[in-house]
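Working notes for the structure below.
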Amino acid sequence: MSENRALQRAHILANHILRSPPPLPSNLSLAREVCLQYSPPELSESFGGFDAKEMRRLLDGHNTEDRDWLYGLMMQSNLFNRKERGGKLFVSPDYNQTMEQQREITMRRIWYLLEKGVYRGWLTDSGPEAELRKLALLEVCGIYDHSLSIKLGVHFFLWGNAVKFFGTKRHHEKWLKNTEDYVVKGCFAMTELGHGSNVRGIETVTTYDPRTGEFVINTPCESAQKYWIGGAAKHATHTIVFSQLDINGTNQGVHAFIAQIRDEDGNICPNIRIADCGHKIGLNGVDNGRIWFDNLRIPRENLLNSVADVSPDGEYVSAIKDPDQRFGAFMAPLTSGRVTIASSAIYSAKVGLAIALRYSLSRRAFSVKANGPEVLLLDYPSHQRRLLPLLAKTYAMSFAANDLKMIYVKRTPETNKAIHVVSSGLKAVLTWHNMRTLQECREAVGGQGVKTENLVGQLKGEFDVQTTFEGDNNVLMQQVSKALFAEYVSCKKRNKPFKGLRLEHMNSARPVLPTQLSSSTLRCSQFQKNVFCLRERDLLERFTSEVAQLQGRGESRESSFLVNHELAEDLGKAFTEKAILQTVLDAEAKLPTGSLKDVLGLVRSMYALISIEEDPSFLRYGYLSRDNVGDVRREVSKLCGELRPHALALVTSFGIPDAFLGPIAFNWVEANAWSSV
Amino acid sequence: MASQSQVLVEDKSSVRILTLNRPKQMNALCSNMITRLLQLFLAYEEDPNVKLVILKGQGRAFCAGGDVRPVVGDIVQGKWRLGADFFSDQYSLNYVMATYSKVQISILNGIVMGGGAGVSIHGRFRIATEKTVFAMPETALGLFPDVGASYFLSRLPGFFGEYVGLTGARLDGAEILACGLATHFVPSTRLTALEEDLCRVGSSDPVTFAETILNAYTQHPHLKQHSAYHRLHVIDRCFSRKTVEEIISTLEKEAIEEPNEWISATIRALEKASPSSLKISLRSIREGRYQGVGQCLIREFRMVCHVMKGEISKDLGYRAVVIEKDKNPKWEPRGLEEMKDNMVEQYFKRMDEEKGWEDLKLPPRKALPSSIISKL
C-alpha cells in the first residue's frame, strides 16, 4: 500500500517537474472566443442631447476659428511630431527626446508659427479683440505642448509686456516690433535663488554712474543669482532685470531694466555669467537658466521708466511717492501671467478628461454576472463618481477662466485691484484642480496612463510647476483673504455698503438655508448661491473678528494673519468657488431654454454640490447639518447617473481635435496590434 | 438595363473587375451607375468568393465626376430635392468604399475628377499611370470639393489639399503618387499584365498579396520640373492662411517678390472661381481635418443641399446652364468681401426648416474599427 502511494506521489512530482498539462475534459472546445474588439464610443453613445458645436463655442468663448486654424497649422507640419497610431494621426511632442533636443525643437516650432503669422499683432496691436486672439492662440499652443506655450509666454507676456507696460515710447519703438518678429528673444529675470514670491526682497543691486550716464547692475551674493529664467540658458538675447535701485545710497525699491545678455550669434555678453538650471520633472522644452551680473553697464535709457525715472545727472524722479504704491504699480501688469496660467490649466484638465472619459467608454472590466459581458468602465458608479464631478468642475472653471480673460482685456485702473484678487484665487484653484484631475485621469486609464504617448501621465510633470510660478498658490490664496479683510475693514470703518470684490451680497440679509433639503432645493440655483454666499460671508466675519481680537491684544496685523492661516485658506477658497459658481450661472442665464441650458444646469448643480461635499467647512461651522450633507452626497450620486449619458458629448464639446489626444482615446486595440509594432 | 452596360462586370475567380462604361461622357457617374456600384460593392463584401475588386474606366477617362447635368435641370425647375437623393446615394457609395472590408484597387489610367476621386481615393489601392490627370474642379463650377474630399484633401502633406481643392489644379500621375492620393504608379502598357497577376490571388491574405504584386510593378516616376509639388514651401506659406482673402494676398506678395508662371496661374484660378465656393470649400477642408470620413460626408451633404437650394448663391445652376458657353462666369456674390462669414456659416447648418429633410444616413457598417477610419 505504502509503496503504491509512494509511486503515485513520485508520479505527481514528475508531472510537476515535467510540467505536463492536466488532461483536458473531452467536451472543452479549443476554439477561442472572439477577441475583444474596439468599439468607438460614438457608435454606442447617444449624441441626441445637445449640440456639441454650440457647447464648444460657449466653452472656448472666443476666436473658435482662429483656434482651429492654429490646430491645423500644427497638424500639417512634420515639426510637430506627426505619427500614426491605430489608423489615426496624432501630434504630440516626443518626450523621450533629450532636454537639448526638446529645447531645439520647441524653438523650431516657434519659428514655424512665426512664419505662418501666428504672432501677428501680439504686441503691436491693442484692444480687447487683439488680446483675445492672442490668448486663444496661446491656449492652443499649450494644448499641444506646455513648453511651447511657456516659451512663447516668457517672450511675449513677460518680456514683451514688461517693455510695453513698464516702458515708455522710446522702449516701445525700439523693442515691440522686433520682439514680435523674434529679431530679439526676450526673457524675464525676476526670481532669484533666495527670493521668489517675495519680489520685494530680491538682492540684485543697480547703481547709477552720472559720469557715463549708465546703470551698473550687480549680483552681490550667490542667493542673488537670477534663477529659473526661462529662455536664459540657450536662446534669449535680452532680459528684463528686476533689481533694487540704489541712488546715492538710498534704496528706491525694485525697478526693471533691459539688458542684453547675448549677441546676435548667441555668444554670452561680457560681464554676464549664465548657467543651466538642468533637467526638470517636466517642461524640458524650456531652457531655464541662472544669471549673474558682474558690474554690467547699461545705458540710462534702459530703465523701464513708466513709473519712475533717473535724470542724466542722477536724480530720482517718480510721480508715485509711496514706495508701496510704486511697487504695486510695477506688479500690476504681471496679472496677465496668472490669467493665462489659469486658462491653460483648464485646457490641460480638458485634455486629461477627454482621454480618460473616451477610454472609459470603450474599455470594459469584469462581469457583474457569471459569463455575462464585461462592464464598460463608465457604467460603474464608482468610475462615474471619480470622473464626472471633475468634468463638471472643469466646465465651471472653464467659464470662470473666460470671465477672467474678459475682465482682464477690458481692464481699467479701477478694476485692477479686483483683477488682482480674482486672478490670484483662480490661478491657485484652477491649477490645483488640474493637478488633481490629471492624477485621477491617470489612475482611471490604468497602466496605459503611464505611457507618455497617452499624455495624461506626462502632463502631470509638465503642468506641476503651474502651482508655483507667477506666485505660489498658497501665498496667492492668502493674498485673496488679506484683500477681502482690507475691504471688509475699510467698508465697516467708513460705514459704507460693500462695493467691489464681489462682496455686494453682504449688504443684504444673511441668507437662511432650509432645514430639509429636497432634491429640487439642492438643484435650485438660488439655494446654491445662498450656500456659497453664506460660507464666504461667515468665514470673512470670523477671519476679521479673529484678527481684530489678536490685534486688540497687541499683535501686529501680519502676525495675526499668520496665526489664522486656516481660516484664511478656507476664506480664499470660499471666495474663489463662489466666483466660479457665479460665472456658470451667468453663462446659463444667457442661454435660451433648450437642451444646452438643461445640460449646463446639471453640470452647474454637480459643480455646486461636489464643492459642498468636498469642503468640511459646511459641517465645521454648521452651515449644513449632518442630514443635509447626507442629502448632498445622495444628490451627487444621482447627478453622476444623469450626466453619464452626456459624458461623450461633454468631452467632445471641449473642441480639442482628436490628433491632440492620446492613442488610448481612440482605437487602442489597433494602436497596439502586432502589425503596428 | 442601361446600368448593366454602364458598369461592366468581369468574374475572374476571386477577383471582380468593374469597368465604368460611359466613355462619351468620360464615364461621368449617373444615378444608375451609382446605385449599381453600391449594389455590387455590398454584395461582394458578403460573398466569400470575392477577394479583390478592381475598378477602372473605359476609354481615356477613369471617371470625370458625378453627372450633375440632371441635377442642375432639377434645380432650375425648383426640384432640388431630387438632386439631394443623387448626392445622398453617391456619398453613401463613397462611405462604403472608405470603410470597405475587402480590397479595392482603382486603376486611374486617365481623367479622374470630382466624383471620380470619390469612388477611388477612399479605396485601399490607387494606381496612377502616365496618363492620369487628377483634379477637383468644383470651385470653378459653383460647387465645392465633395464626395469625401474634405477628408482626403485635408490629409495631404502640409496645405497641399487646400491648394488642390481651391484652385482645381491638375495633377499628373507622378504628383498624385508623391502627395499620397495614389499608392502606386504603373505605366499603362503594363496594366494588362498587372491585372492578370492580380487575378492569381489564392488563399493568402488578399491585402498582402495585392501589395506584393503592386510593389513589384510600381515605379518611381520623376516629378516634372515645374511641378507644384516642388513648391510645397510656397503652398504652405500661402494656403495655410486663415481666410481666402489672406491666401490670395499672400500669393500676390510672393508673386511680386518672385514672379513666375505657376503663381500667376494659381492666382488667376482663384480669381476665376466662385467666391462663395472658395469660402465654403476652405472651411470644409479645414473642418474635415478634425473629422472622420463619415462626419465629413454628413457635413458635405448639408452643404450640397444648401448649394442646390441656392438661398445664398445660385452659382451652381447658373454656371452650368447659362454660362457654359460664355467662359466668363458672373458669380453671385461677386467678390470675396461680399461673401460674409455669417453667409458661409449658413452652409454648415442642418436644414431643419425644410420639411422631410434629414441629415445623410450613412449605411450601417459591420467592420467597426475601420468604420471611422478611411484608408488614406
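Reminder, nothing fancy here: chain letters follow the sequence lines and each chain counts from 1.
- Judged by the 6.0 Å distance and 45° axis criteria, B/R155 is positioned over the aromatic ring of B/Y151.
- B/E287 and A/K53 are joined by a salt bridge, as a carboxylate oxygen and a charged side-chain nitrogen come within less than 4.0 angstrom of each other.
- In this structure, B/R289 forms no cation-pi arrangement with A/Y71, as its terminal cationic atom is not both closer than 6.0 Å to the ring centre and no more than 45° off the ring axis.
- Annotation: cation-pi geometry not satisfied between B/R124 and B/Y100 (NZ/CZ under 6.0 angstrom from ring centroid, within 45° of ring axis).
- With a 4.5 Å cut-off on non-hydrogen atoms, B/T250 does not touch chain A at all.
- Heavy-atom pairs under 4.5 Å with chain A were tallied for B/R241, B/E246, B/R237; the largest tally goes to B/R241.
- With a 4.5 angstrom heavy-atom cutoff, A/N78 does not touch chain B via any of its atoms.
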